[in-house]
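A quick write-up on the structure given underneath.
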Amino acid sequence: MTNRKIMLAVAAIFLVSVCLSVFILMPSEKQTVEIVQNGTVLYTFDLKKTKDREIRIPSADGGYNLIVIENGEICISEADCPDQTCVKMGVLKSDYLPIVCLPHRLTVRFAEDES
Amino acid sequence: MNIRRLTELALLSSVALIIFVIELRIPNPFPIPGVKLGLANIVTVYAVFRYRPSETAMIVTVRLLLGAMFSGNPSALLYSAAGAVCCLLGMLALRRILPEKQIWLCSVLGAMLHNIGQISAAVIIMRSFGVIAYLPLLLVTGSLAGLFTGLCAQILLKRIK
C-alpha cells in the first residue's frame with residue numbers, strides 16, 4: 001500500500017514538473033534585455049531596435065564573455081570559462097531562464113519593456 | 001572492516017569513477033546547468049541495496065571528491081555534494097520499504113531528491129531564488145535518468161548474487 005502511494009507521489013511530481021517545464025520554456029514576448037554583472041546592470045538593449053553588434057565583457061578574474069546581438073536575438077558566443085554552459089545555452093528565449101555564466105557572475109536576461 | 005570488504009568497496013568506487021569519467025566524454029544534449037545522465041549512480045544504487053549505509057556513503061564520498069578532481073571543475077563539487085547527500089539519505093530510507101523488484105522507484109526518488117539538493121545549494125550559494133526556475137526541468141530530466149540508472153542497477157542486482 002505504501003509502495004503504491006510512493007509511486008503515485010512520484011507520478012504526480014513528474015507530471016507537475018512537466019507542466020511547469022513547458023510553462024518555463026515558453027518564449028518571452030519582451031524586447032528589452034539587460035546584461036548584469038555582480039548584481040549591477042551594465043547594459044540595457046531593445047532587441048528589436050538594436051543593430052547587430054558584439055560586446056566584450058571582462059570579468060573581475062581576468063576572463064571575458066563575448067555577447068552577440070544578431071537579428072533581434074542575443075547570445076553569448078564565446079567565453080574563457082571551463083564549463084562553457086553559457087555558450088551552450090544558445091539564444092535567450094525564456095523569461096525564467098536567463099543565460100548565466102556562473103564563473104564570471106554574468107547574467108543576460110529579459111527586463112520589463114519601457115512604454 | 002576486513003580486507004575483502006575493503007577491496008570490494010575500492011573496486012566499486014573505481015568502477016563508479018571510470019563510468020563518471022567516460023560520461024564526461026558524452027556530449028550533453030541539454031544545455032542546462034545541472035542536467036546529467038548520472039550513469040555512475042548505477043553503482044550507488046547497487047551499493048545501497050548490497051552494502052551497509054556507512055559503506056555506501058564511503059563509496060559516494062570517494063567518487064565525488066575524485067570526480068571533482070578528474071573533471072577539472074571543482075566548483076561543481078558543492079552542488080553535487082548537496083545533491084548526493086539528499087539522494088543517499090532518501091534511498092537509504094526507501095530501501096527498508098521497497099522490495100527488490102521496485103529498485104527503479106527508489107532510484108527515481110533518489111534522482112528527484114538529488115535535484116532538490118542541487119537547487120537548494122544553488123539558492124544558498126547564489127543568494128537568489130531565480131534558480132528555482134530550473135527545478136522542474138531538472139526534475140523531469142532527472143527522474144528519466146534515475147529510471148534508466150535504476151533499471152540498470154535492478155538488472156545488475158538480479159544477475160550478481
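Below, each value reflects all heavy atoms present in this structure, side chains not excepted, and no hydrogens, waters or symmetry copies. Chain letters run A, B, ... following the sequence lines, proteins first, then strands; residues in each count from 1.
Applying the 6.0 Å contact sphere to CE of Met7(A) captures more than 12 heavy atoms from other residues, nucleotides or ligands. Residue-environment remark: CZ (Phe148(B)) stays at or below the threshold of 12 foreign heavy atoms within 6.0 Å. When the shell of 6.0 Å around CD1 of Ile3(B) is examined, it contains 12 or fewer heavy atoms from other residues, nucleotides or ligands. The 12-atom threshold is not exceeded at NZ of Lys158(B), counting heavy atoms of other residues, nucleotides or ligands nearer than 6.0 Å. Within a 6.0 Å sphere centred on CZ of Arg5(B), heavy atoms belonging to other residues, nucleotides or ligands number more than 12.
We find the CG-OG distance between Leu135(B) and Ser17(A) to be 7.0 Å, quoted to the nearest 0.5 Å.
Residues Leu97(A) and Leu137(B) meet the side-chain proximity criterion, which asks for heavy atoms closer than 4.5 Å. Residues Pro99(B) and Asn3(A) are in side-chain contact: their nearest non-hydrogen atoms beyond the backbone lie under 4.5 Å apart. In this structure, Ile24(A) and Tyr134(B) have side chains that are not in contact, with every pair of non-hydrogen atoms separated by 4.5 Å or more.
At a threshold of 4.5 Å between side-chain heavy atoms, the hydrophobic network of Ile, Leu, Val, Met, Phe, Trp and Tyr places Leu92(A) and Val41(A) in two separate groups. If you chain together hydrophobic residues whose side chains sit under 4.5 Å apart, Leu113(B) and Val48(B) never meet in one group. Under the 4.5 Å side-chain contact rule for hydrophobic residues, Ile116(B) and Val85(B) do not share a cluster.
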Would you check, one step at a time, whether the test side chain to side chain contact (heavy atoms under 4.5 Å, CB included) holds for Phe14(A) with Leu139(B)? CA-CA 7 Å; Phe14(A) 184 77; Leu139(B) 282 177; over 6 Å; no
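Of the listed residues (Arg109(A), Lys88(A), Met89(A)), the greatest number of heavy-atom pairs within a distance under 4.5 Å of chain B belongs to Met89(A). In terms of heavy-atom pairs under 4.5 Å with chain B, the best-connected choice from Val22(A), Val100(A), Ile13(A), Val87(A) is Ile13(A).
For Leu94(B), the part sitting under 4.5 Å from any heavy atom of chain A is the side chain, from C-beta outward, and nothing else. If you measure heavy-atom distances from Val140(B) to chain A, the contacts under 4.5 Å come from both the backbone and the side chain. At a 4.5 Å heavy-atom cutoff, the contact between Leu25(A) and chain B is made by side-chain atoms alone.
Closest approach of Met112(B) to Val10(A), counting heavy atoms only: CE-O, 3.8 Å.
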